[in-house]
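One-based numbering, in listed order, for ligands and for the atoms of each. Computed from a prediction, not measured in an experiment: that's the story for all the values here.
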Amino acid sequence: MSLIVVGSMAFDAIETPFGKSDKIVGGAATYIAWSASNFTRSINQVSVVGGDFPKEELKMLEARGVNMEGVQIKEKEKSFFWSGKYHMDMNTRDTLDTQLNVLANFNPVLPDSYQDCEFLMLGNLVPAVQMAVIDQLKKRPKLVVMDTMNFWMETAMDDLEKVLKKVDVLMINDSEARQLSAQYSLVKAANTIMKMGPKFLVIKKGEHGALLFHEDGVFYAPALPLEDVFDPTGAGDTFAGGFIGHIARTKDISFANMKTGIIVGSALASFCVEKFGTTRLKELKHRELEGRIQQFKELVNFDIELLLNDSNAE
Ligand code: AMP
């Protein structure tokens with residue numbers, strides 16, 4: 001019984017108002033695996049890298065219980081490369097460059113040992129590749145969660161719509177929800193998107209937290225107000241990894257447990273942004289995570305006693 005994580009493993013070059021990184025290791029599946037491995041040691045990774053991707057990075061993830069059998073290494077090719085520049089608010093960014101390289105012709109082959117999959121996390125990747133993984137699974141997982149981005153809405157919308165029909169939970173940010181639904185109101189956007197396939201929708205709002213929509217209601221998780229945000233890259237993937245890691249660990253796919261998953265994801269994302277790339281996730285201690293979950297509890301927990309006058313009483 002395991003969790004499959006699908007997504008890019010990549011090099012990123014990041015510019016923020018506070019600094020600039022050279023090519024550093026990133027990619028959606030990299031962040032997801034680091035984050036989810038806080039909860040489960042049974043992660044099966046699906047991705048592709050070039051010969052330039054540091055083998056040491058794969059080994060570090062293996063040491064965390066991440067199985068790399070489904071990660072293809074194309075020795076003669078280059079890894080996926082993404083470069084982005086953050087605006088002053090650190091909530092918005094421009095993509096400066098996307099070089100698909102090995103991702104351009106990626107044909108995922110699911111090892112037999114991956115078949116016993118209970119939870120499937122489709123990280124940001126070519127929608128056709130996400131679909132190819134779903135199609136290779138002989139048994140439908142208990143929960144399929146998907147992340148995607150505007151890039152795929154603009155370049156592969158038909159394929160994206162097909163994958164959406166197959167997933168249970170979709171995670172996107174607010175501008176992507178608006179783009180996908182052609183609705184400005186996030187409530188209307190959520191209703192439109194949930195008609196496209198997913199029964200649950202998570203809308204991420206950066207430093208303003210995340211919303212979890214379901215036909216039974218909506219839940220809001222704040223982001224922890226942080227003094228310094230150094231690099232938001234990977235925060236969404238780290239959030240996804242924390243969410244699916246918690247769900248895989250508890251094996252509970254109820255709306256109530258998804259609410260907890262959203263808080264866990266938010267707590268992990270709050271660490272990710274403290275340093276460039278995956279640095280902070282690599283050094284994270286469990287007692288630090290427990291402390292931050294406590295901070296989240298205190299952030300949203302309050303007692304209230306309403307003292308009303310009588311004039312409007314019925
Ligand atoms: P996030 O900040 O959570 O949205 O994710 C950032 C990560 O997504 C970076 O490490 C990139 O390598 C990766 N990424 C960016 N664009 C794409 C894309 N089009 N397909 C797959 N991964 C991408």
Side-chain angles (χ1 to χ4, degrees), residues 5-16 21-36 45-50 52-53 57 78-87 90-104 106 108 121-130 133 145-157 159-160 163 170-177 179 202-207 210 223 229-244 265-266 268-281:
V5 172
V6 186
S8 53
M9 296 185 82
F11 283 120
D12 295 338
I14 301 150
E15 254 182 75
T16 77
S21 77
D22 290 331
K23 263 176 139 191
I24 54 171
V25 165
T30 309
Y31 285 101
I32 295 170
W34 273 107
S35 183
Q45 195 88 337
V46 177
S47 192
V48 62
V49 294
D52 51 357
F53 197 82
E57 292 286 334
K78 277 163 73 176
S79 300
F80 174 73
F81 173 74
W82 175 81
S83 152
K85 182 175 177 174
Y86 288 87
H87 299 182
M90 294 290 252
N91 248 355
T92 44
R93 71 182 176 203
D94 296 325
T95 289
L96 301 177
D97 198 4
T98 300
Q99 294 173 19
L100 291 178
N101 299 328
V102 280
L103 270 192
F106 179 37
M121 178 70 232
L122 297 169
N124 190 12
L125 199 63
V126 192
V129 173
Q130 294 177 318
V133 173
V145 182
M146 175 195 186
D147 188 6
T148 188
M149 72 184 297
N150 50 354
F151 182 81
W152 303 118
M153 293 174 199
E154 284 145 27
T155 59
M157 189 57 189
D159 286 344
L160 183 60
V163 189
L170 175 68
M171 296 186 166
I172 42 179
N173 69 32
D174 44 0
S175 65
E176 288 158 353
Q179 185 169 344
V202 177
I203 299 184
K204 298 170 285 180
K205 290 161 64 68
E207 66 169 331
V229 172
F230 203 67
D231 171 20
T233 308
D237 309 310
T238 304
F239 174 93
F243 174 84
I244 196 67
S266 303
L268 275 150
S270 75
F271 285 108
C272 174
V273 302
E274 288 180 345
K275 291 192 176 170
F276 265 121
T278 51
T279 313
R280 189 67 180 95
L281 294 180

Suppose I only count heavy atoms of G26 and a 4.0 Å limit; which atoms of ligand 1 are within that range? 10 (O)

Do K204 and E176 come within less than 4.5 Å of each other through their side chains, counting heavy atoms only? no

Identity and distance of the protein heavy atom lying nearest atom 13 (C) of ligand 1: S8 OG, 3.9 Å

What do you reckon, does F11 put a non-hydrogen atom under 4.0 Å from ligand 1? no

Quick check: do L103 and S8 have side-chain heavy atoms less than 4.5 Å from each other? yes

May I ask you to check whether W152 and D159 show a side-chain donor-acceptor distance below 3.5 Å? no

Classify the ring geometry of F276 against F230: parallel below 30°, tilted from 30° to 60°, perpendicular beyond 60°. perpendicular

Using the rule side-chain contact (heavy atoms from CB on, under 4.5 Å), only one of N101, V49, T98 pairs with F80; which is it? T98

Going by side chain to side chain donor-acceptor pair (under 3.5 Å), T233 matches just one of Y86, Y31, W82. Which one? Y86

Checking contacts here: is it the side chain or the backbone of M171 that comes within 4.0 Å of ligand 1, counting heavy atoms only? Could be both or neither. neither

Is there a side-chain contact between F106 and V126, using heavy atoms and a 4.5 Å cut-off? no

Hey, mind stepping through I24 and F11 against side chain to side chain contact (heavy atoms under 4.5 Å, CB included) and telling me if it holds? CA-CA 5 Å; I24 54 171; F11 283 120; over 6 Å; no

Near G27, which atoms of ligand 1 are under 4.0 Å from a heavy atom of that residue? 9 (C), 10 (O), 12 (O)

Please could you name the atoms of ligand 1 that D12 approaches to less than 4.0 Å, counting only its heavy atoms? 9 (C), 10 (O), 11 (C), 12 (O)

Worked check of side chain to side chain contact (heavy atoms under 4.5 Å, CB included) between V163 and M146: CA-CA 9 Å; V163 189; M146 175 195 186; 3.9 Å; yes

Atom 18 (C) of ligand 1: of F151, W82, F80, F239, the nearest heavy atom sits on F80

Quick check on contacts: which atoms of ligand 1 are under 4.0 angstrom from a heavy atom of W152? 18 (C), 19 (N), 20 (N)

Give the atoms of ligand 1, by number and element, whose distance to some non-hydrogen atom of A10 is under 4.0 Å. 12 (O)

Close side-chain approach of R93 to T16, heavy-atom, < 4.5 Å: no

Under a 4.0 angstrom heavy-atom cut-off, which atoms of ligand 1 come close to M149? 16 (N), 17 (C), 18 (C), 19 (N)

Numbered in order shown, the ligand 1 atoms found under 4.0 Å of a heavy atom of Y31 are 10 (O)

For atom 5 (O) of ligand 1, what is the nearest protein heavy atom, given as residue, atom name and distance? D237 OD2, 2.7 Å

Which protein non-hydrogen atom lies closest to atom 2 (O) of ligand 1, naming both residue and atom, and how far is it? G234 N, 2.7 Å

Is the contact between N124 and ligand 1 made by the side chain, the backbone, both, or neither, using heavy atoms and a 4.0 Å cut-off? both

For ligand 1, which atoms have a heavy atom of R93 less than 4.0 angstrom away? 1 (P), 2 (O), 4 (O)

